[in-house]
Student: 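Encoded as structure tokens, here's the structure I'll be asking about.
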Amino acid sequence: MRFYAERPARVAWQLLADVLVIAWAYLVVRFAQAAQDLIDQLQGPAGALRSAGQTVRDTFAGAARTASGIPLVGDDLAKALTVGTGAGDSLAAAGRRQAQLIDTVGLWAAVAIVAFAAVPVVLLWLFVRVRYARTAGSAVAARALDLDLLALRALAHQPTRQLLRVAGDPAAAWRRDDPAVVRELAALELRALGLRVPRPRSVLGEHVANGQRGPAEQLSEGRVHGGELPGPARGEQA
């Protein structure tokens with residue numbers, strides 16, 4: 001796979017898109033943290049309620065211990081004050097439950113912000129980048145072997161308006177194996193991916209990469225399509 005193009009302009013756009021997506025994800029995460037902190041500030045009343053409950057409990061518990069030392073009525077008075085201790089415990093428990101609820105709301109609010117604002121953008125960016133990397137990687141591999149496959153891909157992927165600029169009937173020219181049209185179609189596909197177009201090999205008899213032969217050697221060996229010498233297609237006027 002190839003994650004970045006070869007042409008500087010396309011690389012610049014890809015890098016800009018990467019930076020913008022990363023910056024957007026960072027800003028969304030920071031905003032989610034700020035929202036969670038804002039919600040956590042609502043724990044002030046819950047903390048006050050918890051603190052008040054603890055104070056009431058401690059006060060009544062101390063009074064009950066003091067009352068238990070009074071002769072005759074001390075035990076009954078201590079039992080009566082124990083009711084206040086229970087009320088303080090109830091207040092403290094309510095404060096703790098409210099604080100836990102606020103914590104949960106703040107956490108899920110932050111998760112929701114990230115999930116709806118950042119995750120779709122990042123997933124779309126990853127999909128586009130991985131798809132480009134696979135397409136560009138296969139195009140580079142095809143460029144090293146033969147331009148014919150790239151020309152076929154151009155016929156399948158590129159807009160008709162651009163194909164007609166290459167030839168009046170690009171599909172027929174590709175079937176005739178017209179070298180000029182094949183090269184222009186391949187160049188169209190490569191430029192669309194931001195890849196460099198290889199230099200033309202126009203010298204007769206020149207050996208090319210990967211064991212391919214130049215036009216002169218093809219003529220001398222009689223390498224043809226369907227057993228005929230290169231030239232007009234079957235059924236056409238010479």
Student: Please report the shortest heavy-atom distance between Ile102 and Ile39, naming the atom on each side.
Tutor: CG2-O, 3.2 Å
Student: Start with the C-alpha distance between Gln98 and Leu42, add both sets of side-chain angles, then the distance that settles side-chain contact (heavy atoms from CB on, under 4.5 Å), and finish with yes or no.
Tutor: CA-CA 9 Å; Gln98 186 176 357; Leu42 298 177; over 6 Å; no
Student: Calculate, to the nearest 0.5 Å, the distance between atoms CZ and CD belonging to Arg191 and Gln158 respectively.
Tutor: 9.5 Å
Student: Please tabulate, for the side chains in residues 2-17, all donor-acceptor contacts under 3.5 angstrom to protein atoms that are two or more places apart in sequence or on a different chain.
Tutor:
| residue | atom | partner | partner atom | Å |
| --- | --- | --- | --- | --- |
| Arg2 | NE | Tyr4 | O | 3.0 |
| Tyr4 | OH | Asp18 | OD2 | 2.6 |
| Glu6 | OE1 | Arg143 | NH1 | 2.9 |
| Glu6 | OE1 | Arg196 | N | 2.7 |
| Glu6 | OE2 | Arg143 | NH2 | 3.0 |
| Arg7 | NE | Leu195 | O | 3.3 |
| Arg10 | NH1 | Ala192 | O | 2.7 |
| Gln14 | OE1 | Ala5 | N | 2.9 |

Student: Roughly how far, to the nearest 0.5 Å, is the CD atom of Gln162 from the NE2 atom of His157?
Tutor: 14.0 Å
Student: Kindly give the heavy-atom pair with the smallest separation between Leu163 and Leu188, and that separation in Å.
Tutor: CD2-CD2, 3.8 Å
Student: Is it true that Val105 and Leu107 fall in one hydrophobic cluster, defined by side-chain heavy atoms closer than 4.5 Å?
Tutor: no
Student: Locate the shortest heavy-atom distance separating Leu193 from Tyr132; write the atom from each residue and the value.
Tutor: O-OH, 2.6 Å
Student: Verify the distance criterion only: is there a donor paired with an acceptor across the side chains of Arg153 and Ser138 at less than 3.5 Å?
Tutor: yes
Student: Are Leu20 and Val28 connected in the hydrophobic side-chain network, where two residues link if heavy atoms are under 4.5 Å apart?
Tutor: no
Student: Are more than 12 heavy atoms, taken from residues, nucleotides or ligands other than Trp24, located less than 6.0 Å from that residue's CH2 atom?
Tutor: no
Student: Report the distance from atom CG of Leu147 to atom CD of Glu184, rounding to the nearest 0.5 Å.
Tutor: 10.5 Å
Student: Quick one: CG on Asp146 to CG on Leu152, what's the gap to the nearest 0.5 Å?
Tutor: 11.0 Å
Student: Of all the heavy-atom pairs spanning Ala115 and Pro120, show the shortest one and how long it is.
Tutor: O-CD, 3.1 Å
Student: Output, in order, the C-alpha distance, side-chain angles, deciding distance and verdict of side-chain contact (heavy atoms from CB on, under 4.5 Å) for Leu126 and Val21.
Tutor: CA-CA 10 Å; Leu126 286 175; Val21 170; over 6 Å; no
Student: Rounded to the nearest 0.5 Å, how far does CG of Leu155 lie from CZ of Arg175?
Tutor: 9.0 Å
Student: Are Val114 and Phe31 packed together at the side-chain level, in the sense that at least one heavy-atom pair is separated by less than 4.5 angstrom?
Tutor: no
Student: Is the backbone N or O of Val197 less than 3.5 Å from a side-chain atom of Arg183, with the two atoms forming a donor-acceptor pair by type?
Tutor: no
Student: May I have the step-by-step check of side-chain contact (heavy atoms from CB on, under 4.5 Å) for Leu150 and Leu185, ending in yes or no?
Tutor: CA-CA 7 Å; Leu150 289 173; Leu185 290 174; over 6 Å; no
